[in-house]
Every structure is written in structure tokens, then in C-alpha cells.
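Quick caveat, the model's predicted, so the values are computed rather than measured.
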Amino acid sequence: MDERYPSRGPRSFQDRPREFHKAVCSDCGKECEVPFKPTEGRPVYCRDCLPKYRKPRY
């Protein structure tokens, strides 16, 4: 049987390097890098400010 996707599974996303994009924090104005492409009109928060806006997990 030919395995076309040998790395498929829960760890497959970890095998490739993350692509980071430069952004400016909407709260403190500090330049930061985020692992997603920022969308115009949506706020982006740096690592220090993000916990203030993240909903608590239960």
C-alpha cells in the first residue's frame, strides 16, 4: 500500500517552520511578530497585552 501522507496526524503541523509577520500592537503600540497574517480592521496584540483581551478558559 502506497503511503502518500506518511506524516499526517496530530504532529504534522509541527514539522514545518512557522511563518511570522510583523505587526504593531493595538494596545501598547509596540512592534511585534505574530504567527498569522494580520487582517486590516482587526486588532493585533503583542505577547504582553494579549492576556488582557483573551477570554478565560474553563
Residues Y53 and C49: closest non-hydrogen pair is CD1-O, 3.4 Å
For the atom pair SG (C32) and CG (L50), what is the distance rounded to the nearest 0.5 Å?
-> 10.0 Å
Could you tell me the separation between the CD atom of E33 and the CZ atom of R47, rounded to the nearest 0.5 Å?
-> 10.5 Å
What's the shortest heavy-atom distance between C25 and C46, and which atoms?
-> SG-N, 3.4 Å
Shortest non-hydrogen pair, P38 vs V44, comes out as CB-CG2, 3.9 Å
Side chain to side chain, K22 and V34, heavy atoms closer than 4.5 Å = no
Once you round to the nearest 0.5 Å, how far does CZ of R42 lie from CZ of F36?
-> 8.5 Å
Calculate, to the nearest 0.5 Å, the distance between atoms NZ and OH belonging to K30 and Y45 respectively.
-> 14.5 Å
Between D27 and K52, is any pair of side-chain heavy atoms under 4.5 Å apart?
-> yes
